[in-house]
Amino acid sequence: MYEQPAYGQYPAEPEETARPQAPAEPVRRPASTGVSAAVAQSEPEPEPGRDRLLVHLGWEALLLVAVVLLAVYLHRDRPELFRGAGLDTLLVAVVAIGLLGLAAGLSLRTAAPNLAIGPVTVASALHFAEEGDQGVVAATAPVLVAAAVGGLLLGLVVVVLHVPGWAAGLAAAGAVVVLVQQRPAAVAAGGFEPTEKALPLFAGFAAVALLGGLFGAVGALRRVLGRYRPVGDPALRRGTAAAVLTVLALSASTVLAAAAGTLIAATATTTVAPAPGFDWTILGFGVAMLGGASAFGRRGGIAGTFLAAVLVTLVLGLALLPDASTGRYAVGAAALGLGLIVTRLVEWRGRPRSTVAAVRPTTVDETDWGSLRGTTNPSWYPLLPERAVESEPAPRETTRWEQEQNWWEQAPRWGGPSR
């Protein structure tokens with residue numbers, strides 16, 4: 001028989017079992033933005049992947065069309081520019097303006113614009129006008145050597161102090177202007193006559209411009225040449241390779257500007273007058289940026305500088321302005337303004353495909369919702385910290401009243417059969 005407990009006696013309570021502990025909540029750490037990792041690198045890669053050159057080729061095709069149309073118009077309006085001495089003078093002018101464009105474009109490719117190319121051009125023209133009667137080599141060699149040394153010093157200032165190239169170039173331009181202003185008066189031009197060798201000079205310039213553009217299109221050379229372009233904080237140094245190439249590029253840029261001044265002095269009809277030369281600076285940078293060189297550095301086309309030099313020279317021949325300096329300022333400012341639009345175009349459409357895919361936001365249509373099911377940190381919203389997985393609540397302990405109620409319901413009734 002079932003022994004009923006005495007009156008007032010309660011059934012023995014079950015022994016307490018160890019309550020299951022809820023799993024520890026994972027430590028929530030904020031998502032890393034990657035900025036500190038980029039800063040920690042001494043020489044971060046600017047943009048992984050190969051630049052897209054299709055935008056440069058498309059723009060150069062438009063430049064070629066503009067050159068052909070303007071040449072046809074000038075041939076009908078002023079046919080003397082395309083025959084005999086007029087054609088020789090036109091070709092030499094293309095070479096001189098093209099050398100300025102190469103000087104500006106080379107410094108732009110390294111993200112260290114050399115604003116001293118205009119004053120250097122005037123100083124070189126004045127020296128060649130004075131010493132031209134002694135021979136081409138005797139008059140040109142000292143100028144080119146001095147330009148190479150001055151460009152090296154300018155590059156060392158830029159990379160040692162790690163300052164923007166345009167600021168150091170502007171300081172160098174002021175120093176050269178002071179030297180130019182020491183000249184008492186204009187100098188009579190004479191000596192070398194470059195129009196007699198106009199076709200070889202034009203062919204040489206075209207070969208240098210096109211070969212330079214082809215080498216600059218190679219991915220590895222393109223990235224190394226533009227390594228001085230800042231990534232993140234522009235005050236951070238870009239490494240030894242970037243410093244060496246920037247110094248060499250600024251030196252070569254200054255030498256090209258001096259060579260352009262030599263041709264300008266040789267083709268002058270009367271005299272070469274002292275001037276600040278900033279009209280040549282604006283014209284050179286206008287040619288470079290119109291040809292597709294980016295104002296931010298690294299990016300540039302293949303035949304853009306050559307086509308832009310031809311186009312700008314034809315526009316100068318068409319612009320019948322009373323003052324040649326005014327014409328250079330006007331045409332250079334127009335080319336530079338259009339070059340700013342070209343810079344935005346090549347920076348927008350010339351970025352590597354991997355970079356464009358990384359910065360392009362993911363839309364709802366492109367998201368695979370099936371692959372995101374059950375994930376705690378979906379890739380379409382990576383800024384939220386990881387959410388802790390909610391665990392099931394621990395079983396609740398039964399109270400003493402519930403234990404008595406369960407015992408009473410399960411106990412046999414009085415006089416009933418035992419269980």
Stepwise side chain to side chain contact (heavy atoms under 4.5 Å, CB included) test for Ile264 and Trp280: CA-CA 11 Å; Ile264 291 172; Trp280 295 110; 3.5 Å; yes
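- Of the possible donor and acceptor atoms, one in the side chain of Thr313 sits under 3.5 Å from a partner among the backbone N and O of Ala309.
- The residue from Val177, Ile117, Val122 that alone fulfils the side chain to side chain contact (heavy atoms under 4.5 Å, CB included) condition with Phe278 is Val177.
- Distance alone, capped at 3.5 Å, places no donor-acceptor pair between the Ser253 side chain and the Ala249 backbone.
- Heavy-atom minimum distance, Ala288 versus Gly105: CB-N, 3.5 Å.
- Taken from CG in Leu248 to CG in Leu225, the straight-line distance is 10.5 Å, to the nearest 0.5 Å.
- Residues satisfying the salt bridge (Lys or Arg N to Asp or Glu O under 4.0 Å) criterion with Asp279, sequence neighbours excluded, are Arg328.
- Across all non-hydrogen atoms, the minimal contact from Gly169 to Leu154 is N-CD1, 3.9 Å.
- Atom CG of Leu144 sits about 9.5 Å away from atom CG of Leu256, to the nearest 0.5 Å.
- Checked by atom type and distance alone, the side chain of Ser251 never pairs as donor or acceptor with a backbone atom of Val247 at under 3.5 Å.
- Remark: side-chain polar atoms of Glu60 are not paired, donor with acceptor, to backbone N or O of Leu307 under 3.5 angstrom.
- Interatomic distance, Leu340 CG to Leu345 CG, rounded to the nearest 0.5 Å: 12.5 Å.
- Applying the salt bridge (Lys or Arg N to Asp or Glu O under 4.0 Å) rule to Glu131 yields no partners; only residues at least two apart in sequence or on another chain are considered.
- Annotation: the span from Asp88 atom CG to Phe202 atom CZ amounts to 12.0 Å, rounded to 0.5 Å.
- Between the side chain of Trp59 and the backbone N or O of Leu290 there is at least one donor-acceptor pair closer than 3.5 Å.
- A donor-acceptor pair under 3.5 Å is absent between the side-chain atoms of Arg299 and the main chain of Leu53, judged by distance alone.
- Applying the ring pair (Phe, Tyr, Trp, His ring centres under 6.0 Å) criterion to Tyr73, with sequence neighbours excluded, gives no partner residue.
- With hydrogens and angles disregarded, no donor-acceptor distance shorter than 3.5 Å links the side chain of Arg229 to the backbone of Ala111.
- Considering Ile341, Val346, Leu108 in turn, Leu108 is the only one that fulfils the side chain to side chain contact (heavy atoms under 4.5 Å, CB included) rule with Met289.
- Residues His162 and Ala235 approach most closely at CD2-O, 3.2 Å, considering heavy atoms.
- Under a cut-off of 6.0 angstrom, the local environment of CG in Leu54 is sparse, with at most 12 non-hydrogen atoms contributed by other residues, nucleotides or ligands.
- Atoms CG and CG, from Leu316 and Leu283 in turn, are 6.0 Å apart once rounded to the nearest 0.5 Å.
- The side-chain heavy atoms of Leu311 and Leu63, taken from C-beta on, include a pair separated by under 4.5 Å.
- At a threshold of 4.5 Å between non-hydrogen side-chain atoms, the residues Leu245 and Thr110 do not count as touching.
- Inter-residue side-chain proximity for Leu201 and Leu91 is flagged as unmet; no heavy-atom pair is nearer than 4.5 Å.
- Between Gly301 and Arg109 the shortest heavy-atom distance is O-NH2, 3.1 Å.
- When all heavy atoms of Ala123 and Val176 are compared, the pair lying nearest together is CB-CG1, 4.1 Å.
- Note that CD of Glu80 and NE2 of His75 are 10.0 Å apart. Values are rounded to the nearest 0.5 Å.
- Side chains of Ser107 and Leu250 form a contact here, defined as non-hydrogen atoms less than 4.5 Å apart.
- Of the possible polar contacts, none joining the Thr140 side chain to the Val137 backbone as a donor-acceptor pair under 3.5 Å is found.
- Counting heavy atoms from C-beta outward, Leu314 and Leu90 have side chains that approach closer than 4.5 Å.
- Counting heavy atoms from C-beta outward, Thr267 and Thr89 have side chains that stay 4.5 Å or more apart.
- Between the Ser124 side chain and the Gly261 main chain, no donor and acceptor come within less than 3.5 Å of each other.
- Using modelled atom types, one side-chain atom of Thr121 and one backbone atom of Ala257 make a donor-acceptor pair closer than 3.5 Å.
- When Val178, Thr281, Val180 are each tested for a side chain to side chain contact (heavy atoms under 4.5 Å, CB included) with Pro119, only one passes: Thr281.
- Nearest heavy atoms, Ala71 versus Phe82: O-CZ, 3.8 Å.
- Phe128 places none of its side-chain heavy atoms less than 4.5 Å from the side chain of Val272.
- A heavy-atom distance below 4.5 Å is not found between the side chains of Asn114 and Val120.
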